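Have a look at the structure below, then the notes.
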Amino acid sequence: MFDDKIIVPDSLEKLDDGDAFSLLARLPYYRGLGLSMVEDIAVTVDGETIPRENVRFSVRGNTWTLDEMETEYGDRWNFGEKALVSARIPGGLADGEHEIQVGVRMRVSYLPFTPTTTDRKTMSVA
C-alpha cells in the first residue's frame, strides 16, 4: 500500500467560511476503487479526530458525505487521482503548523480483511 502518499504535501488550506479546511489526498491502493468500497476517511488534526459527519470527499466536481459514499455505485476514486477532503472544525484552524493524519479504510473484494492505511504529515496553513 502507499501509506505515506495519501496526503499531498503543502495542500492544506482554510476554506472561506473559516470553520473548515481542505487537503488533497490520494487513494493508498494500486487500483482505483468504487466509492462505495471506501468505508471510511478518518481525519485527525493535532491529535483530535474530526467527527465523521464533518468530513466531505470531492472528486471530479462531485462532493459526498462519507455516509453518501457508502451507496455511491456510479463513481470511483482512481489510482493516483487527487481527491479533495474537507472537514469542518469548530473555530477553524489557527495559522501555523498542524499535525494532520488521514486514515483510509477500504473494502477490497479479494482480501479476507479490511485494509486501513494512515498517513501523517506536519503541514502549515496561513
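Residues take their numbers from the sequence shown, with the count starting at 1. Given the structure is predicted, the values throughout are model-derived calculations rather than measurements.
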Which heavy atom in [X] sits nearest to a heavy atom in [Y], and how many Å separate them?
X      : Y     : answer
Ser86  : Leu15 : CB-CD1, 4.0 Å
Ser124 : Glu97 : OG-CG, 3.2 Å
Ala83  : Val59 : CB-CB, 4.5 Å
Ile7   : Arg26 : O-NH1, 4.5 Å
Val125 : Ala94 : CG1-O, 3.5 Å
Phe21  : Val45 : CZ-CG2, 3.5 Å

Can you tell whether the side chains of Glu81 and Arg60 come within less than 4.0 Å, N to carboxylate O?
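Looking at Arg60 together with Glu81, the answer is yes, because their closest N to O distance falls below 4.0 Å.
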Determine, for Arg88 against Asp17, whether the closest basic-nitrogen to carboxylate-oxygen distance falls under 4.0 angstrom.
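The answer is yes: the pair qualifies as a salt bridge.
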Measuring from [X]:[atom1] to [Y]:[atom2], what's the distance to the nearest 0.5 Å?
X      : Y      : atom1 : atom2 : answer
Ile6   : Thr117 : CD1   : OG1   : 3.5 Å
Glu70  : Leu35  : CD    : CG    : 11.5 Å
Ile41  : Leu27  : CD1   : CG    : 9.0 Å
Leu66  : Asp40  : CG    : CG    : 6.0 Å
Met37  : Met106 : CE    : CE    : 10.0 Å
Ile100 : Thr44  : CD1   : OG1   : 9.0 Å

Check whether any side-chain heavy atom of Pro28 sits under 4.5 Å from a side-chain heavy atom of Asp119, and report yes or no.
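The answer is no, as the side chains (C-beta and beyond) never meet within the 4.5 Å cut-off.
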Please indicate whether Glu53 has more than 12 foreign heavy atoms, meaning atoms of other residues, nucleotides or ligands, lying under 6.0 Å from its CD.
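It does: Glu53 CD has more than 12 such atoms within range.
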Apply side-chain contact (heavy atoms from CB on, under 4.5 Å) to Ile89 and Asn54, showing your working.
CA-CA 8 Å; Ile89 185 169; Asn54 290 356; over 6 Å; no
Contacts of type side-chain contact (heavy atoms from CB on, under 4.5 Å), residue [X], not counting sequence neighbours:
X     : result
Thr65 : Arg56, Asp67, Glu68
Asp46 : His98, Glu99
Asp95 : Lys14

Side-chain heavy atoms under 4.5 angstrom apart, residues restricted to Ile, Leu, Val, Met, Phe, Trp, Tyr: same cluster for [X] and [Y]?
X     : Y      : result
Leu33 : Met69  : yes
Leu12 : Leu84  : no
Leu24 : Met123 : no
Val8  : Val102 : no

Can you label the angle between the Trp77 ring and the Phe57 ring as parallel, tilted or perpendicular, going by 30° and 60°?
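Ring orientation of Trp77 relative to Phe57: perpendicular.
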Set of salt bridge (charged side-chain N to carboxylate O under 4.0 Å, His left out) partners for Glu72, sequence neighbours left out
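In terms of salt bridge (charged side-chain N to carboxylate O under 4.0 Å, His left out), with neighbours along the sequence ignored, Glu72 is linked to no residue.
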Using side-chain hydrogen bond (donor to acceptor under 3.5 Å, both in side chains) as the criterion, list what pairs up with Thr63, not counting sequence neighbours.
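Testing Thr63 for side-chain hydrogen bond (donor to acceptor under 3.5 Å, both in side chains), a comparison that skips the adjacent residues, returns Ser58.
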Report the hydrophobic cluster partners of Tyr73, with the cluster defined as I, L, V, M, F, W, Y residues connected by side-chain heavy atoms closer than 4.5 angstrom, directly or transitively.
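Members alongside Tyr73: none; it stands by itself.
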